[in-house]
Amino acid sequence: MNINEWPTEEGDEWITWMLEHIGDVDPELRDGCIYPMFGELIHKDRLHNHQKERILESCMSRSHLFYRVGENKGDGVFTRSFSALVIAEIVKHEQEWERGQYEGVLNSCVKYLEKEQDVRGYVENKGWAHSIAHGADLLVALVEHSQFRKDDATLFLQAVRDAFWKEDVFTDDEEERLSFVIEALLKRDVAPSTVTKWVKETFASLESLWNDAPFSISAFRIRTNVLHFMKALFFRVDMPDLQRTIKQYLEEWHKRVYQNLEN
């Protein structure tokens with residue numbers, strides 16, 4: 001079905017079906033059909049307000065964004081991840097929200113990225129899961145929304161840290177997508193000093209974790225995600241003070257881990 005064939009009278013039935021199959025393991029259906037159709041319906045104003053509200057409410061629910069959240073590997077990730085993408089499309093389109101509705105979506109997104117443990121990117125025979133990348137896309141949409149306030153930055157920064165503070169290493173550019181969130185915050189005039197402070201706090205947390213269990217698998221993998229993210233951020237922003245801080249920490253961590261191997 002294309003957008004011109006959308007049945008006005010039977011739209012609610014099709015929405016029900018699409019929501020039920022939003023995380024189908026068939027990538028052609030999920031990624032090639034249902035998600036693009038949601039996007040077109042939203043951005044071309046083919047939905048009634050009650051339909052958009054229903055889609056948003058469903059996508060943010062325990063049966064979608066939080067469906068089986070916390071599992072390490074399972075097909076539930078497709079439902080969670082593609083629900084995040086559909087929410088992002090609604091956020092981009094609905095710029096007239098009241099502050100309370102915006103905060104509800106933001107808080108759900110932050111909670112989701114904290115709880116998500118399945119960080120796989122591409123899954124053989126099932127296509128893109130990309131939960132962290134899609135969560136990052138939702139964060140960017142929220143930063144760019146009309147209801148964003150500078151004092152929201154703390155929540156966004158916490159969400160980014162929670163997203164890469166995982167015991168499985170990213171493999172499909174998730175750290176790059178997360179760096180877009182920081183770039184978006186800076187474009188909304190969040191002070192570079194706020195981000196620099198957050199970078200220092202993140203490395204302090206990594207220091208504490210590493211000191212408690214140096215070279216443990218979990219600490220090593222979290223360290224890898226942190227360093228990869230910081231490298232991506234270094235090249236994404238053009239702010240000398242922030243870049244200088246990142247470079248300093250990266251050099252320190254390189255020496256910490258590898259100096260004995262090089263001697």
Side-chain angles (χ1 to χ4, degrees), residues 35 38-39 42-43 52 55-57 59-60 64-66 80-116 119 130-166 170 172-202 225-226 228-239 241-243 245-246:
Y35 165 58
F38 270 127
I42 291 163
H43 292 293
K52 286 183 287 187
I55 292 167
L56 179 62
E57 182 179 352
C59 285
M60 287 176 55
H64 283 80
L65 187 62
F66 295 97
R80 298 190 299 273
S81 180
F82 280 81
S83 293
L85 275 186
V86 172
I87 296 169
E89 297 304 328
I90 294 175
V91 170
K92 292 174 191 175
H93 186 264
E94 298 298 305
Q95 294 293 319
E96 303 301 321
W97 277 351
E98 298 292 332
R99 174 66 185 180
Q101 188 165 15
Y102 174 85
E103 288 179 346
V105 176
L106 173 55
N107 289 331
S108 290
C109 182
V110 172
K111 182 179 179 182
Y112 165 64
L113 285 170
E114 176 189 4
K115 292 182 174 295
E116 182 61 80
V119 303
H130 240 184
S131 62
I132 300 301
H134 293 174
D137 293 347
L138 175 51
L139 286 176
V140 170
L142 286 162
V143 173
E144 294 175 345
H145 194 273
S146 61
Q147 284 291 351
F148 172 81
R149 298 174 182 171
K150 291 181 187 178
D151 56 8
D152 294 326
T154 300
L155 266 181
F156 283 95
L157 293 170
Q158 181 60 50
V160 171
R161 184 187 298 172
D162 287 341
F164 61 64
W165 205 268
K166 309 293 185 186
F170 297 150
D172 290 308
D173 281 358
E174 289 82 0
E175 64 275 6
E176 296 283 348
R177 296 277 272 276
L178 287 169
S179 74
F180 295 172
V181 182
I182 309 302
E183 181 183 35
L185 288 171
L186 293 168
K187 286 181 178 178
R188 293 302 301 266
D189 295 326
V190 171
S193 59
T194 298
V195 178
T196 301
K197 179 175 180 287
W198 172 79
V199 166
K200 293 177 179 179
E201 291 170 348
T202 299
N225 281 340
V226 172
H228 286 180
F229 168 80
M230 293 297 176
K231 291 173 186 176
L233 182 59
F234 178 89
F235 288 106
R236 193 74 198 174
V237 299
D238 185 18
M239 296 189 171
D241 289 344
L242 175 57
Q243 290 172 304
T245 298
I246 293 171

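Numbers for residues simply follow the sequence, beginning at 1.
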Q: Do F82 and F38 have ring centroids that are under 6.0 Å from one another?
A: no
Q: Per the side-chain hydrogen bond (donor to acceptor under 3.5 Å, both in side chains) rule, what does the pair list look like for residues 185-198, sequence neighbours excluded?
A: K197-E201
Q: Which atom pair, heavy atoms only, marks the closest approach of I87 to M60?
A: CD1-CG, 3.6 Å
Q: Please check: side-chain N/O of D152 versus main-chain N/O of R149, any donor-acceptor pairing under 3.5 Å?
A: yes
Q: Do V86 and Y35 make a side-chain contact, defined as non-hydrogen atoms from C-beta onward lying under 4.5 Å apart?
A: yes
Q: Just verifying a value: how many Å separate E103 CD and L155 CG, rounded to the nearest 0.5 Å?
A: 9.0 Å
Q: Which heavy-atom pair separates H134 from A84 by the least distance, and what is that distance?
A: O-CB, 4.2 Å
Q: State the CD1-CZ distance between I182 and R236, to the nearest 0.5 angstrom.
A: 12.0 Å
Q: Verify side-chain contact (heavy atoms from CB on, under 4.5 Å) between F180 and V143, making sure each step is shown before the conclusion.
A: CA-CA 10 Å; F180 295 172; V143 173; over 6 Å; no
Q: Would K115 count as a cation-pi partner of F66, with NZ or CZ less than 6.0 Å from the six-membered ring centre and within 45° of the ring normal?
A: no
Q: For C59 versus H64, what's the shortest heavy-atom pair and its separation?
A: O-CB, 3.4 Å
Q: Within the 4.5 Å heavy-atom criterion, are D238 and Q243 side-chain neighbours or not?
A: yes
Q: With ring centroids as reference points, do Y102 and H145 lie under 6.0 angstrom apart?
A: yes
Q: Pair Q95, S146 - check side-chain contact (heavy atoms from CB on, under 4.5 Å), show working.
A: CA-CA 6 Å; Q95 294 293 319; S146 61; 3.5 Å; yes
Q: Measuring only between side-chain heavy atoms, which start at C-beta, is W165 closer than 4.5 Å to N225?
A: no
Q: Once you round to the nearest 0.5 Å, how far does CG of L178 lie from CG of L233?
A: 10.5 Å
Q: Return the minimal non-hydrogen interatomic distance between L56 and Q101, and the atom names on each side.
A: CD2-NE2, 3.7 Å
Q: Does the side chain of F164 come within less than 4.5 Å of V119's, by heavy atoms?
A: no
Q: Supply the atom-to-atom distance E89 CD to I42 CD1, rounded to the nearest 0.5 angstrom.
A: 6.0 Å
Q: Can you name the nearest heavy-atom pair linking A136 to R177, along with the distance?
A: CB-O, 3.6 Å
Q: Is a side-chain donor or acceptor of H228 paired with a backbone partner of E174 at a separation under 3.5 angstrom?
A: no
Q: Would you indicate whether the side-chain heavy atoms of D241 and P192 approach each other to under 4.5 Å?
A: no
Q: Assess whether atom CG of D151 is packed by more than 12 heavy atoms of other residues, nucleotides or ligands within 6.0 Å.
A: yes
Q: Roughly how far apart are E116 CD and K111 NZ, rounded to 0.5 Å?
A: 13.5 Å
Q: Any side-chain heavy atom of V199 sitting closer than 4.5 Å to one from F234?
A: no
Q: What distance do F156 atom CZ and K150 atom NZ have between them, rounded to the nearest 0.5 Å?
A: 14.5 Å
Q: Please assess R161 against T202 for the test side-chain hydrogen bond (donor to acceptor under 3.5 Å, both in side chains), listing each intermediate value before the final yes or no.
A: CA-CA 7 Å; R161 184 187 298 172; T202 299; 3.1 Å; yes
Q: For a quick test of reading the model, state the closest non-hydrogen atom pair linking L142 to F148 and the distance between them.
A: O-CB, 3.8 Å
Q: Would you say that L138 contacts Y112 through its side chain, given a criterion of any heavy-atom pair below 4.5 Å between the two side chains?
A: no
Q: Are L139 and L113 side-chain neighbours, meaning at least one heavy-atom pair lies under 4.5 Å?
A: yes
Q: Is it true that atom NZ of K52 has more than 12 heavy atoms of other residues, nucleotides or ligands lying nearer than 6.0 Å?
A: yes
Q: Is any side-chain N of the basic residue among D137 and K92 closer than 4.0 Å to the acidic one's carboxylate O?
A: no
